Amino acid sequence: MSSQPAPAPLLIACALGIEQLALRAGDRGGAGGPVTVLRTGMGPAAAERSVTRMLADPALRDAAVLATGFCAGLAPGMHPGDLVVAEETRDPRGTTACVGTDLLVKELGRAVPGRTVHTGPLTGSDHVVRGHERADLRATGAIAADMESAATLLSAVRAGERPVAAVRVVVDAPEHELVRIGTVRGGISAFRVLRSVLPAFFEWHRSLLLPRR
């Protein structure tokens with residue numbers, strides 16, 4: 001009698017303690033395989049180090065990787081609590097294509113009904129994006145920016161072939177710029193949304209484990 005191979009694990013990477021707290025608060029189980037939530041620390045260098053180290057562990061060697069947390073919306077009309085599903089992530093070192101974007105959009109609609117979901121390129125930055133920088137980055141075609149997603153996914157695919165994705169919650173936008181996360185209504189709204197997204201991540205993960213026709 002042959003044994004079934006162990007399900008591939010899922011590595012969910014975020015930067016901040018408040019993001020990790022939101023994800024843990026929303027975890028009710030239901031993933032298709034083992035799940036690890038990694039707090040990388042802020043910035044692309046920290047994300048690269050943490051993700052590379054985690055994927056060197058034999059138990060996570062084949063893990064799917066999903067980057068999440070808060071982001072800055074770049075497009076006019078975005079609001080705190082909106083969701084961003086990356087079609088690709090970009091930074092000066094390259095572009096990483098994301099897998100299962102359409103499925104994530106559908107499942108996020110179920111997990112967080114009524115929230116607007118934006119899709120498009122997610123660009124990396126080594127600092128918090130403010131003011132005129134938003135318009136400059138928007139002119140490149142990107143719809144949102146954060147400091148870790150691009151580095152996370154690039155490090156993940158460099159460590160081995162695997163599915164990757166990025167889902168971010170808008171914490172501030174051109175008309176709703178924050179001074180500090182968590183101190184105003186926009187930060188609270190984004191926290192509540194991030195707390196609700198894990199079922200969509202788990203459905204994405206499960207879909208990767210289904211036999212291909």
Side-chain angles (χ1 to χ4, degrees), residues 8-16 18-33 35-39 63-90 96-124 141-150 152-153 156 162-173 176 181 185-210:
L10 171 62
L11 178 64
I12 301 174
C14 62
L16 304 175
I18 191 172
E19 295 167 339
Q20 187 179 47
L21 178 65
L23 292 164
R24 286 180 171 170
D27 188 2
R28 300 291 185 271
V35 178
T36 300
V37 177
L38 169 67
R39 177 184 172 185
V65 174
L66 194 151
T68 195
F70 303 133
C71 70
L74 302 178
M78 282 183 157
H79 296 87
D82 285 2
L83 286 147
V84 172
V85 178
E87 294 174 339
E88 63 183 29
T89 58
R90 306 169 172 174
T96 306
C98 296
V99 172
T101 299
D102 291 344
L103 176 67
L104 278 167
V105 170
K106 181 180 76 172
E107 294 300 333
L108 287 166
R110 292 178 179 174
V112 198
R115 290 289 176 178
T116 302
V117 182
H118 306 269
T119 60
L122 177 61
T123 193
I143 63 167
D146 76 272
M147 290 194 284
E148 296 84 24
S149 291
T152 293
L153 299 199
R162 70 189 73 248
V164 295
V167 175
R168 290 276 170 171
V169 182
V170 175
V171 75
D172 67 344
H176 305 272
I181 288 175
R185 187 174 301 166
I188 296 169
S189 174
F191 179 89
R192 288 173 175 163
V193 173
L194 187 59
R195 192 173 58 189
S196 303
V197 296
L198 277 180
F201 295 176
F202 294 161
E203 285 301 319
W204 176 79
H205 183 221
R206 259 197 292 273
S207 78
L208 303 174
L209 307 177
L210 296 175

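Just so you know, these numbers use all the heavy atoms, side chains as well, and skip hydrogens, waters and symmetry mates. All values reported here derive from a predicted model rather than from experimental measurement.
Residue pairs satisfying the side chain to side chain donor-acceptor pair (under 3.5 Å) criterion with at least one member in residues 102-113, sequence neighbours excluded, are listed as follows: E107-R110.
For the pair V197 and L83, the minimum side-chain heavy-atom distance is below 4.5 Å. Contact check for L153 versus C98: side-chain heavy atoms found under the 4.5 Å cut-off. Within the 4.5 Å cutoff, no side-chain heavy atoms of E19 are placed close to those of V169. No side-chain heavy atom of F191 sits under 4.5 Å from any side-chain heavy atom of V171.
Considering only residues two or more places apart in sequence or on other chains, R162 meets the side chain to side chain contact (heavy atoms under 4.5 Å, CB included) condition with L55, A63, V65, A156, A159, V164. Evaluation of the side chain to side chain contact (heavy atoms under 4.5 Å, CB included) rule for T116 yields D82, H118 as partners, not counting sequence neighbours. Residues passing the side-chain hydrogen bond (donor to acceptor under 3.5 Å, both in side chains) test with R90, sequence neighbours excluded: E88. With sequence neighbours left out, A150 forms a side chain to side chain contact (heavy atoms under 4.5 Å, CB included) with T89, D91. V99 is linked by a side chain to side chain contact (heavy atoms under 4.5 Å, CB included) to P163, L208, counting only residues two or more places apart in sequence or in another chain.
The nearest pair of heavy atoms linking T152 to A67 is CG2-CB, 4.0 Å. Among all heavy-atom pairs drawn from A8 and H205, the shortest one is O-NE2, 2.8 Å. Shortest non-hydrogen contact noted between E87 and T101 is CA-OG1, 4.0 Å.
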Identify each donor-acceptor pair in which a side-chain atom of residues 68-76 lies under 3.5 Å from a protein atom, sequence neighbours left out, and give them as a table.
unit_1, atom_1, unit_2, atom_2, d
T68, OG1, V167, O, 2.7

Check your understanding: Should L108 and R115 be marked as a side-chain contact (heavy atoms from CB on, under 4.5 Å) after you check the CA-CA gap, both sets of side-chain angles, and the distance that decides it?
Key -> CA-CA 9 Å; L108 287 166; R115 290 289 176 178; over 6 Å; no
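Expressed to the nearest 0.5 Å, how far CE of M78 lies from CG of D172 amounts to 11.0 Å. L198 CG to W204 CH2: the interatomic distance, rounded to the nearest 0.5 Å, is 13.0 Å. To the nearest 0.5 Å, atom CG of residue L122 and atom CD1 of residue I143 are 7.5 Å apart. The line from CZ of F202 to CG of L66 is 10.5 Å long, rounded to the nearest 0.5 Å. In this structure, CZ on R39 lies 10.5 Å from CD1 on I18, to the nearest 0.5 angstrom.
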